[in-house]
Amino acid sequence: MICWINPFTGLAGDMLLAALIDAGAPLDRIRSAVAATGLTGWELTAERVTDHGLAATRVHVEVTDPHTERRAAEVLELATRAAPQPVAALAVAAVTAIAEVEARLHDADPADVHLHELGGHDTLVDIVGTAAALHFLGVTDVVSAPLPLGRGRIDAAHGLLPCPAPATLALLAGAAVTGSDLPGETVTPTGAALLHATGARYGPPPPMTLGATGYGAGTRRLPDRPNIVSVSLGSPLARTPDEDVVVLETNLDDVTGELLGHVITRALEAGALDAWTTPAVMKKGRPAQILHLLVHPHRERRLRDLVLAETGALGIRRVGATRTTLPRAFETVEIDGHPVRVKHGPYAAKPEHDDVAAAAAALGRPLRAVAADALRLSRAGTMTTSQEEDRGH
């Protein structure tokens, strides 16, 4: 599923979450994903509003705990507990991006940096809630129109800062932006971090069959226009099965297996189509691993920089390639009340491991038994939702 974002007056985490709810993301399951973090003292509600004649959804995070400042490590620990696992992965990526940017700006360690305005309940609810909304809507590709940047200055914990805020500008490195006549903060660090974490690309709506469109309202009232962001969901149009891709490779003889697993996870979260390693023997008989990443050309630079930074490698190769993909679709079956997605191709079907693992853990059943039940229900046609996906290996 494609999600195209039109940030008419900018983008904030709460506005994006509201727009996704307006487009059909289930509020109760979003609340459950946030509750899994263990965060207490909050309540997430949504209301219908009208702004300059346009109906939209606005979300509110009511907080009984006024604690607004936390160490980044604390926020990351909470984000890792979000459920299901793909929601946690996206939330952790967004929080990590914020922590790394703040650390660079304040010359501190990312784990120890104090998140002032960004350490409160509402930030974590917005991030985990948006990650959950994208997951439950089946979004696999995020595209945004250029982001309008405001002007002037903002009042932050460290005093008056130029607008856009330094953290926002750092998080938007590589994004498409444009000037705006609006004063103040039009793009927040949370909104920028979510785009960064999803590996969003920028431009007009890609070719797709248009589905639901949702409108999310911000809290600021503008004198001459609605303060909203819209999201449009759609299925990719059929295209030729062959496409140009890039394979990034680097030889590694001085990293641990744990680090390799970490890099593969980070690369997939950042938009790699696939990531894997192969064993090799290098000069002087040294055992090594070759790390391979399959990427779209427009994400090559980000993933190249990620690999070099995470592994400490001194170089990386790129090989142009063409991949052929077969059509595939997802359906979701219910196993004793727990959703499990099943991927269907022309010749086989396979339950998604993360969903099977979550259901098996919740039900106290063997993983292989839950996977077998999901396949049986899928073959029987017991389907709750279906969506096309345009990714493959």
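Side chains are part of it too, since the values below use all heavy atoms of this structure and drop only hydrogens, waters and symmetry mates. Nothing fancy with the numbering, it's 1 onward along the sequence.
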Is any side-chain heavy atom of [X] less than 4.5 Å from a side-chain heavy atom of [Y]?
| X | Y | answer |
| --- | --- | --- |
| Val245 | Leu273 | yes |
| Asp141 | Arg201 | yes |
| Ser180 | Arg151 | no |
| Thr9 | Ile228 | no |
| Asp355 | Val342 | no |
| Arg317 | Ile290 | yes |
| Leu147 | Leu195 | yes |
| Glu243 | His296 | yes |

What's the shortest heavy-atom distance between [X] and [Y], and which atoms?
| X | Y | value |
| --- | --- | --- |
| His338 | Ala362 | CE1-CB, 3.4 Å |
| Trp4 | Pro206 | CD1-CD, 4.4 Å |
| Arg304 | Leu248 | N-CD1, 3.9 Å |
| Val61 | Asp122 | CG1-CA, 4.0 Å |
| Leu20 | Cys3 | CD2-SG, 4.2 Å |
| Thr188 | Thr168 | C-OG1, 3.8 Å |

With hydrophobic residues grouped by side-chain heavy-atom distances under 4.5 Å, do [X] and [Y] end up in a single group?
| X | Y | value |
| --- | --- | --- |
| Phe8 | Val177 | no |
| Ile21 | Val139 | yes |
| Leu17 | Val143 | no |
| Leu375 | Ile335 | yes |
| Val231 | Val49 | no |

Worked verdict on Met15 versus Arg220 for side chain to side chain contact (heavy atoms under 4.5 Å, CB included): CA-CA 11 Å; Met15 294 172 70; Arg220 184 165 63 153; over 6 Å; no

Ion pair check, Arg365 and Asp373, cut-off under 4.0 Å: yes

Arg318/Glu300 ion pair, N-O < 4.0 Å: yes

May I ask you to decide if [Y]'s main-chain N or O and [X]'s side chain share a donor-acceptor pair within less than 3.5 Å?
| X | Y | answer |
| --- | --- | --- |
| Arg286 | Asp253 | no |
| Ser32 | Asp28 | yes |
| Thr186 | Gly150 | yes |
| Asn227 | Leu222 | no |
| Arg31 | Leu44 | yes |
| Trp276 | Ile264 | no |
| Ser378 | Ala374 | no |

Side chain to side chain donor-acceptor pair (under 3.5 Å) partners for Thr250, two or more places apart: none

Stepwise side chain to side chain contact (heavy atoms under 4.5 Å, CB included) test for Asp14 and Arg58: CA-CA 8 Å; Asp14 63 330; Arg58 178 181 291 147; 6.0 Å; no

How many angstroms lie between [atom1] in [X] and [atom2] in [Y], if you round to the nearest 0.5 Å?
| X | Y | atom1 | atom2 | result |
| --- | --- | --- | --- | --- |
| Leu233 | Thr213 | CG | OG1 | 7.0 Å |
| Leu169 | Leu149 | CG | CG | 6.5 Å |
| Thr140 | Leu137 | OG1 | CG | 11.5 Å |
| Leu16 | Thr198 | CG | OG1 | 8.5 Å |
| Ser232 | Tyr215 | OG | OH | 6.5 Å |
| Ile316 | Thr311 | CD1 | OG1 | 7.5 Å |

Candidate pair Glu352 and Val356, rule side chain to side chain contact (heavy atoms under 4.5 Å, CB included), full reasoning: CA-CA 6 Å; Glu352 287 293 286; Val356 173; 5.9 Å; no

Arg301 atom CZ, neighbour heavy-atom count above 12 within 6.0 Å: no

Donor-acceptor side-chain pairing of Thr278 and His292 below 3.5 angstrom: yes

Intermediate values then yes/no, side chain to side chain contact (heavy atoms under 4.5 Å, CB included), Val59 and Thr45: CA-CA 6 Å; Val59 296; Thr45 59; over 6 Å; no

Donor-acceptor contacts under 3.5 Å from residues 77-94 side chains, at least two apart:
unit_1 : atom_1 : unit_2 : atom_2 : d
Glu77  : OE2    : Arg81  : NE     : 3.4
Glu77  : OE2    : Arg81  : NH2    : 3.4
Thr80  : OG1    : Glu77  : O      : 2.6
Arg81  : NH1    : Thr37  : O      : 3.2

Glu310 vs Arg266, salt bridge (Lys or Arg N to Asp or Glu O under 4.0 Å): CA-CA, chis, key distance, verdict: CA-CA 9 Å; Glu310 290 282 1; Arg266 285 289 309 275; 2.7 Å; yes

Within residues 47-56 or reaching into it, pairs that qualify as side-chain hydrogen bond (donor to acceptor under 3.5 Å, both in side chains) - sequence neighbours excluded: Asp22-Arg48, Glu47-His60, Arg48-Thr57, Asp51-Arg221

